[in-house]
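The structure appears below as structure tokens.
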There are 2 protein chains.
Amino acid sequence: MDMSRPKTRIQKKNTLAILEAALEVFSQHGFRGTTLDQIAQAAGLSKPNLLYYFPSKEAIHTALLMGLMDTWIDPLKEMDKDGNPVDEIVAYVLRKLEMARVYPRESRLFANEIVQGAPHIADQIKGPLRNLVNDKAELIRGWAGDGKLAEIDPHHLIFSIWSTTQHYADFDVQVRGILQPERDEHFEAASAFLETFYRRVLTPK
Amino acid sequence: MDMSRPKTRIQKKNTLAILEAALEVFSQHGFRGTTLDQIAQAAGLSKPNLLYYFPSKEAIHTALLMGLMDTWIDPLKEMDKDGNPVDEIVAYVLRKLEMARVYPRESRLFANEIVQGAPHIADQIKGPLRNLVNDKAELIRGWAGDGKLAEIDPHHLIFSIWSTTQHYADFDVQVRGILQPERDEHFEAASAFLETFYRRVLTPK
DNA sequence: GTCTATAAGGTGATAGAC
DNA sequence: GTCTATCACCTTATAGAC
């Protein structure tokens with residue numbers, strides 16, 4: 001029988017606790033700024049025990065990034081070629097903003113990684129992500145060609161959607177420092193803003 | 001005579017070399033990911049010599065951030081109330097994109113700082129930056145009220161400009177990983193894209 | 001002003017008892 | 001599976017010669 005992944009209940013529970021704790025700490029302090037002590041404490045385990053479940057600090061970090069990668073790009077996959085073009089893209093914008101609201105730690109984890117040169121996920125970017133974006137870009141180009149969408153560069157449109165939505169998670173302190181009111185009010189206002197914004201840009205004349 | 005800031009020629013030269021080296025390293029690896037050895041080597045000095053000019057690693061980092069803060073928000077200051085509203089804002093977008101192209105290290109330095117909670121510049125954000133943004137938001141609100149600009153939330157408009165332009169510096173590896181061609185071609189394409197994009201959003205019906 | 005040497009403390013990872 | 005103890009290394013910062 002395969003002993004390489006025994007996975008008792010307690011192992012599953014601890015593995016999940018470690019990943020949850022690591023997400024919390026890595027997303028706040030980056031890879032180098034995070035210590036195993038911090039993760040261990042947040043997970044309620046001792047440091048050696050942590051390293052019983054993962055062979056190294058880097059292994060925890062990589063497991064996190066890889067495990068979240070799919071979740072992170074799922075909203076783009078859902079863009080439907082059979083839907084109304086403007087509505088499909090606006091819905092994507094709102095899904096992405098919702099991700100930033102509900103999963104700000106995940107957003108910051110990726111932000112930290114990419115700002116510092118994406119050392120661990122360069123292959124994912126140049127492979128699967130690139131292919132997905134190219135597919136959707138082709139779809140958008142087709143919509144624009146059919147006159148169902150304003151003429152627009154699809155790749156840079158997607159970049160603009162990523163940046164405007166993730167901004168509310170990644171630069172949260174700055175947004176709050178300037179706007180002052182409570183957190184979720186920003187997201188309500190951002191939601192209304194971005195919907196109007198993209199509808200105006202995308203609706204053909 | 002004041003000995004607190006002697007500033008011989010050699011001191012000025014070395015201080016500048018340190019700040020230049022620190023910008024290079026901090027912007028790539030973040031505060032905790034950077035070592036004094038790396039900065040010293042990049043600056044062509046020994047590590048103790050580094051600490052002869054600055055009392056600590058943190059002092060170098062803070063000096064960098066503070067020294068660049070003004071440069072970083074200057075483009076917004078130049079937005080002119082007497083100009084044509086749409087042109088003024090589009091010109092601001094292009095100035096900001098140009099900053100990202102020419103000063104990507106500065107952009108990433110601030111990105112690292114803010115993603116991790118802006119521990120060193122929270123006061124600058126809540127003070128001078130907030131005031132400047134509020135002033136310009138008032139200006140934009142006035143333009144929209146006069147019908148010279150489409151109705152739009154000024155604060156979120158400014159956030160969208162920051163995020164879409166800085167994206168090309170901060171997430172450069174991702175942009176390049178997806179688009180492939182050479183660096184400056186991205187900026188040319190981004191420039192054309194963002195100009196059309198914002199003109200479409202801002203022009204009143 | 002600049003260097004070598006080193007102190008002082010933190011950090012990732014391992015050993016080995018239980 | 002989990003713990004205590006500890007190693008080996010790295011990193012910031014200082015001491016003191018030149």
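Per chain, numbering begins at 1; letters A, B, ... match sequence-line order.
Among the nucleotides D/dT12, C/dG1, C/dG12, the one closest to any side-chain atom of B/Leu36 is D/dT12.
Results of the side chain to side chain contact (heavy atoms under 4.5 Å, CB included) test with B/Ile60 over B/Thr34, B/Leu51, B/Leu23, B/Ile18 single out B/Ile18 as the only residue that passes.
With respect to B/Asp74 and B/Lys96, no salt bridge is recorded, no charged nitrogen being found less than 4.0 Å from a carboxylate O. Under 4.0 Å is where a charged nitrogen must lie from a carboxylate oxygen, and between A/Arg176 and A/Glu185 no such pair does. By the 4.0 Å N-to-carboxylate-O rule, A/Glu20 lies close enough to A/Arg105 to be salt-bridged with it. A/Glu138 and A/Arg141 are joined by a salt bridge, as a carboxylate oxygen and a charged side-chain nitrogen come within less than 4.0 angstrom of each other. For the pair B/Glu98 and B/Arg101, the salt-bridge criterion is met [side-chain N within less than 4.0 Å of a carboxylate O].
At whole-Å resolution of the value, CD in A/Gln11 and C1' in D/dG1 are 8 Å apart. The distance from atom NE2 of B/His61 to atom P of D/dT12 is 13 Å, rounded to the nearest whole Å. The distance from atom CG of A/Asp37 to atom P of C/dG12 is 7 Å, rounded to the nearest whole Å. Between the CG atom of B/Leu50 and the P atom of C/dT4 there is a distance of 14 Å, given to the nearest Å. Rounded to whole Å, atom C1' of C/dG12 lies 15 Å from atom CD1 of A/Ile18. When the C1' atom of D/dT4 is taken as reference, atom OH of A/Tyr52 falls 18 Å away, rounded to whole Å. Note: NZ (A/Lys57) to P (C/dT14) measures 15 Å, nearest angstrom. Put simply, CD on A/Glu58 is 18 Å from P on C/dT11, counting in whole angstrom units.
Where A/Lys47 and A/Tyr53 each meet DNA chain D at their nearest nucleotide, the meeting point lying more 5' is that of A/Tyr53.
Listed in residue order, the members of residues 24-35 of chain A having a heavy atom less than 4.0 Å from DNA chain C are A/Thr34, A/Thr35.
Using a 4.0 Å cut-off, some side-chain N or O of A/Asn49 falls inside it from OP1 or OP2 of D/dC3. Contact between the side-chain N/O atoms of A/Ser46 and the OP1/OP2 oxygens of D/dC3 is found at a separation under 4.0 Å.
Counting only residues at least two apart or in different chains, ring-ring contact (aromatic ring centres under 6.0 Å, His included) contacts with residues 62-104 of chain A comprise A/Trp72-A/Phe110.
In this structure, the side-chain contact (heavy atoms from CB on, under 4.5 Å) partners of A/Leu132, at least two apart in sequence or on a different chain, are A/Ile73, A/Leu76, A/Lys77, A/Lys136. The side-chain contact (heavy atoms from CB on, under 4.5 Å) check on B/Asn131 picks up nothing, with sequence neighbours excluded.
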Under 3.5 Å, N/O pairs linking protein and nucleotides 16-18 of chain D:
none

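The aromatic ring centroids of B/Phe197 and A/Phe197 lie less than 6.0 Å from each other.
Considering every non-hydrogen atom in both A/Thr164 and A/Ile161, the closest pair reads OG1-O, 3.3 Å.
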task = In sequence, state the C-alpha distance, the side-chain angles, and the governing distance for B/His186 and B/Tyr168, and then conclude on ring-ring contact (aromatic ring centres under 6.0 Å, His included).
result = CA-CA 8 Å; B/His186 300 163; B/Tyr168 291 96; 7.9 Å; no

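With the end axes of the helix from C/dG1-D/dC18 to C/dC18-D/dG1 each set by five pairs, the angle from one to the other reads 10° at 10° resolution.
Nucleic acid contact class of B/Leu51 (heavy atoms, under 4.0 Å, all strands): base.
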